[in-house]
Amino acid sequence: QVQVVESGGGPVQAGGSLRLSCAAFGYNINNLCVGWFRQTPGKEREAVATMDGRGSTHYDDSVKGRFTISRDDAKNSLSLQMNSLNTEDTAMYYCAADWLTPLSCDFSGSASFSTKFSYWGQGTRVTVSS
């Protein structure tokens, strides 16, 4: 059983930065596919960034060059550094983990990718104001 707990959300002005953190318990996440998702009311939960067990990363086009996913194996934790935030980044952000192969951890063009993940945090809200 894997448990993940997010932290670090909050209000921020457009153009600003936030760093989200995800602490994992119960299993070493360096063997898992881990990722960050976000969701707004009425919309499907969408993948923002993932990292597979080998450390390869994947990003949604909307955040490439602005967001960076990273993993701290010593702390068994995951982070998402978000820069140049805009109002469209406003959402509930979730950390997730599962035993996906490196190929499956690449969500490019994958519909309903969130359904592949079994372990989720409670979410942390990010609100970007103009």
Side-chain angles (χ1 to χ4, degrees):
Q1 185 78 9
V2 180
Q3 290 183 307
V4 291
V5 180
E6 307 97 336
S7 61
V12 63
Q13 288 195 323
S17 299
L18 273 178
R19 187 177 182 86
L20 306 182
S21 296
C22 174
F25 306 92
Y27 199 81
N28 290 331
I29 61 171
N30 59 6
N31 293 318
L32 305 178
C33 172
V34 290
W36 290 95
F37 293 73
R38 64 187 180 188
Q39 189 171 25
T40 54
K43 292 191 175 182
E44 186 176 327
R45 192 170 295 186
E46 61 177 10
V48 174
T50 59
M51 178 181 284
D52 66 28
R54 297 181 296 194
S56 296
T57 58
H58 309 280
Y59 295 93
D60 184 76
D61 286 344
S62 66
V63 306
K64 280 180 180 177
R66 300 189 299 124
F67 290 12
T68 303
I69 187 172
S70 60
R71 191 179 69 205
D72 187 330
D73 292 344
K75 295 182 178 179
N76 205 34
S77 65
L78 185 70
S79 296
L80 184 69
Q81 178 66 41
M82 305 186 294
N83 299 327
S84 301
L85 285 161
N86 58 59
T87 56
E88 293 183 350
D89 296 317
T90 295
M92 184 72 84
Y93 283 73
Y94 297 89
C95 174
D98 210 310
W99 281 273
L100 303 183
T101 65
L103 182 62
S104 297
C105 197
D106 180 357
F107 60 91
S108 300
S110 176
S112 301
F113 183 68
S114 63
T115 61
K116 295 183 178 182
F117 287 76
S118 301
Y119 305 104
W120 293 88
Q122 79 288 353
T124 185
R125 185 170 300 279
V126 173
T127 304
V128 184
S129 59
S130 59

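- Between Gly10 and Leu18, the shortest heavy-atom distance links the atoms O-CD1, 3.7 Å.
- Distance check: Ser104 OG to Lys116 NZ gives 5.0 Å after rounding to the nearest 0.5 Å.
- The 12-atom threshold is not exceeded at CZ of Arg125, counting heavy atoms of other residues, nucleotides or ligands nearer than 6.0 Å.
- With hydrogens and angles disregarded, a donor-acceptor distance shorter than 3.5 Å links the side chain of Thr50 to the backbone of Cys105.
- Between His58 and Ser110, the closest side-chain pair of non-hydrogen atoms is not below 4.5 Å.
- At least one side-chain heavy atom of Glu6 sits less than 4.5 Å from a side-chain heavy atom of Trp36.
- In this structure, Asp73 CG and Leu78 CG are separated by 10.5 Å, a value rounded to the nearest 0.5 Å.
- A donor-acceptor pair is defined here as one N or O able to donate and one able to accept, closer than 3.5 Å; no such pair exists between the side chain of Thr87 and the backbone of Val128.
- Interatomic distance, Thr124 OG1 to Arg38 CZ, rounded to the nearest 0.5 Å: 14.0 Å.
- Under a 3.5 Å cut-off, the side chain of Asp89 and the backbone N or O of Asn86 do form a donor-acceptor pair.
- The CG atom of Asn83 lies 6.5 Å from the OG1 atom of Thr68; values are rounded to the nearest 0.5 Å.
- Distance alone, capped at 3.5 Å, is enough to place a donor-acceptor pair between the Asn76 side chain and the Ile29 backbone.
- Between the side chains of Asp72 and Ser77, no donor-acceptor pair of N or O atoms lies under 3.5 Å.
- When all heavy atoms of Ala49 and Leu80 are compared, the pair lying nearest together is CB-CD1, 4.3 Å.
- Gly123 and Met92 get closest at one heavy-atom pair: C-SD, 3.8 Å.
- Taking the side chain as every heavy atom from C-beta outward, Asp60 and Phe67 never approach each other to under 4.5 Å.
- Neither Phe117 nor Trp99 shares a network with the other; the hydrophobic side chains, linked directly or stepwise wherever heavy atoms of I, L, V, M, F, W or Y lie under 4.5 Å apart, form separate groups for each.
- Here the shortest heavy-atom pairing between Val2 and Ala97 reads CG1-CB, 4.5 Å.
- Closest heavy-atom contact between Cys33 and Leu100: CB-CB, 3.7 Å.
- Hydrophobic cluster membership differs between Tyr94 and Leu32, with clusters built from Ile, Leu, Val, Met, Phe, Trp and Tyr side chains linked at under 4.5 angstrom.
- Within 6.0 Å of the CD atom in Gln122, the count of heavy atoms belonging to other residues, nucleotides or ligands exceeds 12.
- Under a hydrophobic clustering in which Ile, Leu, Val, Met, Phe, Trp and Tyr are joined whenever their side-chain heavy atoms come within less than 4.5 Å, directly or via other members, Val63 and Met51 fall into the same cluster.
- Side chains of Ser79 and Arg19 form a contact here, defined as non-hydrogen atoms less than 4.5 Å apart.
- The CD atom of Glu44 lies 9.0 Å from the CD atom of Glu46; values are rounded to the nearest 0.5 Å.
- Phe37 pairs with exactly one of Tyr119, Tyr93, Phe107, Trp120 by the ring-ring contact (aromatic ring centres under 6.0 Å, His included) rule, that one being Trp120.
- Counting heavy atoms from C-beta on, the side chains of Met82 and Arg66 never come closer than 4.5 Å.
- Although no hydrogens or angles enter the test, the distance criterion places no donor-acceptor pair under 3.5 Å between the side chain of Asn28 and the main chain of Asn30.
- Hydrophobic clustering, with ILVMFWY side chains joined whenever heavy atoms are under 4.5 angstrom apart, groups Val126 together with Ile69.
- When all heavy atoms of Cys22 and Val4 are compared, the closest pair comes out as SG-CB, 3.6 Å.
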